[in-house]
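Single-structure report; data block below.
Order of appearance sets the numbers: ligands from 1, and atoms from 1 within every ligand. Everything quoted here is computed from the prediction, not taken from an experiment.
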Amino acid sequence: MIGVAASSGSKEAILIAGVAGLVAGSMSMAVGEHVSVSSQRDAEHADIERETQELAGEPQAELNELAMIYMKRGVARELAMTVAQQLSARNPLGVHMRDELGIDQASLARPFQAAVVIGRWPPWRAAP
Ligand SMILES: [Zn+2]
């Protein structure tokens with residue numbers, strides 16, 4: 001901005017340079033947020049991929065694993081196995097994602113949404 005002011009001296013040029021600087025700044029913040037959430041999402045997708053393969057390859061081990069998780073939370077052994085079996089019968093990947101990985105299917109990281117929610121998009125919106 002200072003460079004433009006010194007070279008041309010036109011008020012319009014200074015204003016344009018200033019606005020361009022603001023827009024570029026908030027866009028780069030939005031891009032940064034997008035990248036950080038994207039890598040979180042990539043990690044989640046890798047976990048889901050691995051879990052899918054484990055479920056396909058060793059369903060019994062996965063069932064035991066799930067039952068162990070419920071026992072650690074205070075559920076009695078037999079009941080824990082029953083709960084693991086019944087939840088797995090319905091949606092095996094979903095229950096492992098939630099109870100083993102702590103991933104809520106409904107709130108999987110959405111990069112663009114994150115940039116909007118934290119107020120960095122669109123760039124002309126006031127910063128929080
Ligand atoms: Zn599992």
- Of all residues at least two apart in sequence or in a different chain, which pass the side-chain hydrogen bond (donor to acceptor under 3.5 Å, both in side chains) check with Gln86? none

- Within a reach of under 6.0 Å around CE of Met68, are more than 12 heavy atoms found that belong to other residues, nucleotides or ligands? no

- Message: Between Tyr70 and Leu87, does the side-chain contact (heavy atoms from CB on, under 4.5 Å) criterion hold? Intermediate values first, please.
- Response: CA-CA 12 Å; Tyr70 299 137; Leu87 289 178; 3.4 Å; yes

- Pairs touching residues 73-102 that satisfy salt bridge (Lys or Arg N to Asp or Glu O under 4.0 Å), sequence neighbours left out: Arg73-Asp99

- Task: Starting at CG of Leu93, measure out to OG1 of Thr52 and round the result to the nearest 0.5 Å.
- Result: 4.5 Å

In residues 54-62, what donor-acceptor pairs under 3.5 Å come from side-chain atoms, sequence neighbours left out?
| residue | atom | partner | partner atom | Å |
| --- | --- | --- | --- | --- |
| Gln60 | NE2 | Asn64 | OD1 | 3.3 |
| Glu62 | OE1 | His96 | ND1 | 3.0 |

- Item | Nearby protein N/O/S atoms (those under 2.8 Å) for the Zn ion (ligand 1), with water ignored | Glu51 OE2, Glu62 OE1, Glu65 OE1, His96 ND1, Glu100 OE1

